[in-house]
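All values derive from a computational prediction rather than experimental measurement. All ligand and atom numbering here is 1-based and tracks the order in the structure.
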Amino acid sequence: MKTKIAGIEFDSYILNASGVLCSAWKELEEIAKSDSAAIMMKSCTLEPRKGNEEPRYARLPLGAIQSMGLPNLGYQEYLRFASQLKQYGKPIIASVVGFSSDEYETLVKAFQKSEVNLIEVNLSCPNITNESPIAYNLERTKEILEKITNLGEKPIGLKLPPYFDSDYQSQIAELIKRYKISFISSINSIGETLIIDPEKETPVIKPKKGFGGLCGEYIKPIALANVRRFYELLKDDVFVMGVGGIKTGRDAFEFLLAGADAVQVGTTFEKEGITCFQRINKELNEILNEKGYSSISEVKGKLKYLCTP
Ligand code: RRO
């Protein structure tokens with residue numbers, strides 16, 4: 001089932017989410033050769049970073065908690081990787097994080113001149129010490145959008161944090177509509193969560209006194225709600241990629257009903273490995289076939305209400 005994000009064709013509905021196993025060349029090459037519809041790269045910064053102290057990732061029964069702290073090789077390396085990945089003939093997506101609006105500008109400018117097809121601007125990392133995700137602050141978000149939206153022709157997207165308030169979602173949507181934003185990826189992990197090991201009487205991860213981003217099945221209802229809300233607010237203007245707890249074809253189908261144009265898989269990729277893309281894709285196709293649907297556009301956003309809207 002083909003889909004499209006901002007004019008870029010994807011051979012299927014399922015791709016990898018930024019963060020998981022997409023930092024090093026070998027990992028990106030594996031994604032390139034897999035059934036992931038695109039090659040999403042790890043969020044990168046101007047300078048290389050080692051990230052936070054270990055243990056910084058813990059698997060949980062229904063997902064994971066992590067505080068990776070943006071370990072990456074620095075943007076120059078991902079510019080090079082993008083030109084080497086070109087040969088695989090799939091969409092390549094850069095993900096960028098700046099520590100100021102000027103840094104965001106430098107990063108977006110550089111990827112505008114690169115071989116990537118889309119640029120995901122991450123405004124939602126929950127694991128930077130003493131910083132809340134930028135997209136929880138309208139003024140800072142606006143300041144960054146001013147600087148990054150007129151630097152070239154490649155479509156720009158925003159990686160958004162989970163929102164728990166419909167007024168705030170409306171304000172973010174208004175801001176997105178005012179600038180040249182082509183897609184959103186919703187949601188990032190839920191920040192400031194805590195998992196405690198009662199045996200050891202400690203948190204399960206070390207950085208930030210154990211507080212980190214919750215991922216996986218735990219967060220799916222919140223991801224679905226954000227996708228649905230932004231689909232309603234932005235549908236004619238902005239493509240939506242759903243992220244958060246997609247483990248099965250059925251999950252992907254739910255995101256499709258909510259309004260997602262594609263879905264990104266992170267935690268399940270970490271747990272299951274590279275074959276997850278093919279499996280989820282096959283499961284989704286089976287559901288669509290059983291229901292007699294023959295395209296993504298036939299189902300996208302077609303959630304049926306139990307009440308009169
Ligand atoms: O590297 C991380 O700690 C990280 C990032 Br950049 C992000 O956007 N979301 C997340 O959960 N972890």
Can you check whether [X] reaches [Y] side chain to side chain, under 4.5 Å on heavy atoms?
| X | Y | value |
| --- | --- | --- |
| Phe211 | Thr193 | no |
| Ile222 | Ile187 | yes |
| Ile65 | Cys215 | no |

Please classify the [X] to ligand 1 contact at 4.0 Å (heavy-atom distances, strictly less than): side chain, backbone, both or neither.
| X | answer |
| --- | --- |
| Gln66 | side chain |
| Asn122 | side chain |
| Cys215 | neither |

### Query
So, are Arg229 and Glu232 salt-bridged, with charged N and O less than 4.0 Å apart?
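Between Glu232 and Arg229 there is a salt bridge, with a charged N closer than 4.0 Å to a carboxylate O.
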Query raised in the report: What protein heavy atom is closest to atom 9 (N) of ligand 1, reported as residue, atom name and distance in Å?
Result: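 Here the nearest protein heavy atom works out to Asn188 OD1, 2.7 Å.
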For atom 4 (C) of ligand 1, what's the nearest protein heavy-atom neighbour? Residue, atom name and distance, please.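 Closest protein heavy atom to atom 4 (C) of ligand 1: Cys125 SG, 3.6 Å.
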Do ligand 1 and [X] have nitrogen or oxygen atoms that lie under 3.5 Å from each other?
| X | result |
| --- | --- |
| Leu70 | yes |
| Pro126 | no |
| Lys42 | yes |

Quiz item: Below 6.0 angstrom between ring centroids: does that apply to Tyr78 and Tyr75?
Solution: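 Not close enough - the centres of the two rings lie 6.0 Å or further apart.
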Interfacing atoms of ligand 1 (cut-off 4.0 Å, heavy-atom, [X]):
| X | answer |
| --- | --- |
| Ser189 | 10 (C), 11 (O) |
| Asn127 | 2 (C), 3 (O), 4 (C), 10 (C), 11 (O), 12 (N) |
| Met68 | 1 (O), 2 (C), 3 (O) |

Any non-hydrogen atom of Gly69 lying under 4.0 Å from ligand 1?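 For ligand 1, residue contact (heavy atoms, under 4.0 Å) with Gly69 is present.
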Quiz item: Just how far is it from atom CG of Leu70 to atom CZ of Phe99, taken to the nearest 0.5 Å?
Solution: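 Result: 5.5 Å between the selected atoms.
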Ignoring hydrogens and angles, write down the donor-acceptor pairs under 3.5 Å from the side chains of residues 20-34, residues two or more places apart or on other chains.
from: Glu27; atom 1: OE1; to: Cys22; atom 2: N; distance (Å): 3.4
from: Glu27; atom 1: OE1; to: Ser23; atom 2: N; distance (Å): 2.9
from: Glu27; atom 1: OE1; to: Ala24; atom 2: N; distance (Å): 2.9
from: Glu29; atom 1: OE2; to: Tyr88; atom 2: OH; distance (Å): 3.3
from: Ser34; atom 1: OG; to: Ile31; atom 2: O; distance (Å): 2.8
from: Ser34; atom 1: OG; to: Ser36; atom 2: N; distance (Å): 3.0

Residue that, paired with Phe253, satisfies side-chain contact (heavy atoms from CB on, under 4.5 Å) out of Glu283, Glu286, Lys291:
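Among Glu283, Glu286, Lys291, the one that satisfies the side-chain contact (heavy atoms from CB on, under 4.5 Å) with Phe253 is Lys291.
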